[in-house]
2 protein chains.
Amino acid sequence: MASPLARKRISESTIHRLSLYYRTLSLLEKENYETVSSKELAKREKLTPAQVRKDLSFFGSFGTRGLGYNVNELKSKIESILGINRDWKVALIGVGNIGSALVSYKEFAKQGFHIIKLFDNDQRKIGSNHKGIIVSDIKNLDSEIKEAGITMVILAVPATVAQYIVDDVVKAGVTAILNFAPINLRVPPTVHLRNENMSMELEYLSFAMVNNHAPKKSK
Amino acid sequence: MASPLARKRISESTIHRLSLYYRTLSLLEKENYETVSSKELAKREKLTPAQVRKDLSFFGSFGTRGLGYNVNELKSKIESILGINRDWKVALIGVGNIGSALVSYKEFAKQGFHIIKLFDNDQRKIGSNHKGIIVSDIKNLDSEIKEAGITMVILAVPATVAQYIVDDVVKAGVTAILNFAPINLRVPPTVHLRNENMSMELEYLSFAMVNNHAPKKSK
DNA sequence: GTGACCATGTGAAATGGTTCACAAGAAGTA
DNA sequence: TACTTCTTGTGAACCATTTCACATGGTCAC
Ligand SMILES: NC(=O)c1ccc[n+]([C@@H]2O[C@H](COP(=O)([O-])OP(=O)(O)OC[C@H]3O[C@@H](n4cnc5c(N)ncnc54)[C@H](O)[C@@H]3O)[C@@H](O)[C@H]2O)c1
Ligand SMILES: NC(=O)c1ccc[n+]([C@@H]2O[C@H](COP(=O)([O-])OP(=O)(O)OC[C@H]3O[C@@H](n4cnc5c(N)ncnc54)[C@H](O)[C@@H]3O)[C@@H](O)[C@H]2O)c1
């Protein structure tokens, strides 16, 4: 039972699994499934049925005993839990190798993450057009972020400058940052920070190969 | 004490933290630190000293009581634990947006991950040169992977074809895969698979913002 | 409407990971 | 050498997450 007031802390892994359920439900929807059981949902993402039910139970009881979950309904519940049933205004900072790749990725917008501003400090890039967005000068960061009402930032700049930019975007009112630079950034407790660290994953693979580490779950 | 035979299962989080320690040690080395305490190491990556010591203790006792750890020595120990003191031959499949970004990234090679082959099925890309590597036709995957002795693959193709390619690379002898496609891939138990899922991280941020979820650790 | 069946939702148990707290070892000082 | 100081390495305690197991409540066939 999920009283909206019962503010029990939800674990990171539960949230990550909700993303997986969401992905699977989108697929099931395309395959015209009406309902799905925790068993089937679990099978598709290599989890256990109990895990699926427990995860969902933190937020409410969405299923029907004897039948399972309605695909559309559960999908929309998860959308609302994850907050991807709304539109997020996102700025991408650092239009280099990885930055350019991210701008071109259409799936983000489909999930409500709209990259509406690009920033760089390279004169050759400023003013250029990426998928319909003109690259802004980083000097105008503060005013442009505030004017556009941006709350989320994807950071794809070199590690050496990442902290300075973080300090600036935080001042401009951003409360969520997805960072690609391999560095531990300092943010105030009101700001949410996630790191995408690809080297870490390669190193994990390397470790697993060297140590014959039994592959358990992929993430 | 780490007898090499005491094959206790090491947790994923411990391995991930070793990557962080490695990153910090590389930095400390540049800053000419001789030694470092678990306290300092912890501070730099927002962890606790006890966590640092416990993680390291699974693999041996590398420190000196009263003094701390020798930076160079510990760095090299971690390199050896993670298996990044050797050279890995890597193939990248799918030279699109994200694939191109990854080929250009020089840090991977510095950590022993050498991308030596590129594959695609797009005739316009096959034969083209990326950072000195000619893109091969995916048709020649099997023979070229075997001949080059490649054991690791980075997969940056659309989700729709990812499973087919995985089946092929596994047949060709690859035992580690870093997958960027948002899909749950099936691999035999002998093959190590990791997924890089950026949408998941954006969704986590979205959840955190909507729910005022206390930011604890960034990953 | 009745009964057989099925899958959820959830306390309780089991497992796994983190933090505590301290004995013990090493360095430096006198 | 003896004493102080410092920080490691590690069982034990604690806390979090996963799995188990079953009562509950709903479906569906007849
Ligand atoms: N390319 C990859 O595959 C990859 C993989 C893992 C991590 N990363 C990390 O992602 C980040 C970006 O990598 P990249 O390969 O795209 O690098 P890149 O050099 O291609 O791009 C960085 C961009 O940031 C811009 N920039 C630099 N300083 C700036 C500033 N002060 N303000 C605004 N913009 C600034 C540069 O002009 C450039 O366009 C790095 O931290 C890198 O370590 C990249
Ligand atoms: N671009 C991003 O920022 C981003 C972010 C998250 C996830 N991803 C995922 O990464 C993957 C690649 O994304 P992208 O944006 O680079 O796409 P893309 O279309 O730019 O690149 C895909 C590449 O794979 C090649 N390809 C297609 N079928 C192939 C086959 N059968 N054999 C060999 N090569 C084949 C294409 O020719 C193309 O070069 C996708 O699964 C996507 O969902 C991308």
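Lettering follows sequence order; numbering is per chain, from 1.
A donor atom on one side chain and an acceptor atom on the other are not found under 3.5 Å apart for A/Trp88 and A/Thr151. Side-chain polar atoms of A/Asn70 and A/Thr35 form no donor-acceptor pair below 3.5 angstrom.
A salt bridge is defined here as a Lys NZ or Arg NE, NH1 or NH2 lying under 4.0 Å from an Asp or Glu carboxylate O, and A/Lys39 with A/Glu45 fails to meet this definition. For B/Lys146 and B/Asp142, the salt-bridge test passes: some basic side-chain N is under 4.0 Å from an acidic carboxylate O. A salt bridge between A/Glu73 and A/Lys77 is absent, with no side-chain N of the basic residue lying under 4.0 Å from a carboxylate O of the acidic one.
Using a 4.0 Å cut-off, no side-chain N or O of A/Ser11 falls inside it from OP1 or OP2 of D/dA16. Distances shown here put a side-chain N or O of A/Arg53 below 4.0 Å from the OP1 or OP2 atom of C/dT8. Within the 4.0 Å cut-off from OP1 or OP2 of D/dT7, not a single side-chain nitrogen or oxygen of B/Ser38 is found. Not one side-chain nitrogen or oxygen of B/Ser61 sits closer than 4.0 Å to the OP1 or OP2 atom of D/dT8. Between D/dT19 and A/Gln51, a contact under 4.0 Å exists linking OP1 or OP2 to a side-chain N or O.
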Please convert DNA chain C into dot-bracket. A pair counts if it is Watson-Crick or G-U wobble with both distances under 3.5 Å; crossing pairs go in [ ] and bases paired with another strand get |. ||||||||||||||||||||||||||||||
Under 3.5 Å, which donor-acceptor pairs do the side chains of residues 108-116 of chain A form with other protein atoms, sequence neighbours left out?
from     : atom 1 : to       : atom 2 : distance (Å)
A/Lys110 : NZ     : A/Glu107 : OE2    : 3.1
A/His114 : NE2    : A/Asp87  : OD1    : 2.9

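Distance alone, capped at 3.5 Å, is enough to place a donor-acceptor pair between the A/Asn184 side chain and the B/Arg44 backbone.
Put simply, CD1 on B/Ile10 is 10 Å from P on C/dG17, counting in whole angstrom units. Between the P atom of D/dG9 and the OH atom of B/Tyr69 lies a distance of 4 Å, rounded to the nearest Å. Put simply, CD on B/Glu73 is 14 Å from C1' on D/dT8, counting in whole angstrom units. Between the P atom of C/dG9 and the CG atom of A/Leu41 lies a distance of 12 Å, rounded to the nearest Å. Between A/Arg17 atom CZ and D/dT18 atom P there is a gap of 4 Å when expressed in whole angstrom units. The interatomic distance linking B/Phe58 (CZ) with D/dT10 (P) rounds to 11 Å, in whole Å. Rounded to an integer number of Å, the gap from B/Leu56 CG to C/dT18 P is 14 Å. Per the geometry, NZ belonging to A/Lys43 stands 13 Å off P belonging to C/dA7, to the nearest Å.
In this structure, A/Ser206 and B/Met152 approach most closely via the heavy-atom pair N-CE, 4.0 Å. Scanning all heavy atoms of the two residues, the minimum distance from A/Val71 to A/Glu29 falls at CG1-N, 4.0 Å.
In this structure B/Asn85 satisfies the side-chain contact (heavy atoms from CB on, under 4.5 Å) test together with B/Glu79, B/Ser80, sequence neighbours excluded. Residues satisfying the side-chain contact (heavy atoms from CB on, under 4.5 Å) test with B/Ser13, not counting sequence neighbours, are B/Ser11, B/Arg17.
At a non-hydrogen distance threshold of 4.0 Å, nothing from residues 22-36 of chain B comes into contact with DNA chain D.
You'll find that the side chain of B/Ser13 is closest to C/dT18, out of C/dT18, C/dG9, C/dA7. With distances taken from any side-chain atom of A/Ser37 to the nucleotides C/dT8, C/dT19, D/dT10, the minimum falls on C/dT8.
Contact annotation: the side chain of A/Val153 never approaches that of A/Leu92 to less than 4.5 Å [non-hydrogen atoms, C-beta and beyond].
Across all strands, B/Lys54 comes closer than 4.0 Å to base atoms (heavy-atom distances). Using a 4.0 Å heavy-atom distance criterion, A/Thr14 is classed as making no nucleic acid contact.
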Short heteroatom pairs, N/O only, protein and nucleotides 24-30 of chain C, under 3.5 Å:
from   : atom 1 : to      : atom 2 : distance (Å)
C/dA24 : N3     : B/Arg65 : NH1    : 3.0
C/dG25 : N2     : B/Gly66 : N      : 3.2

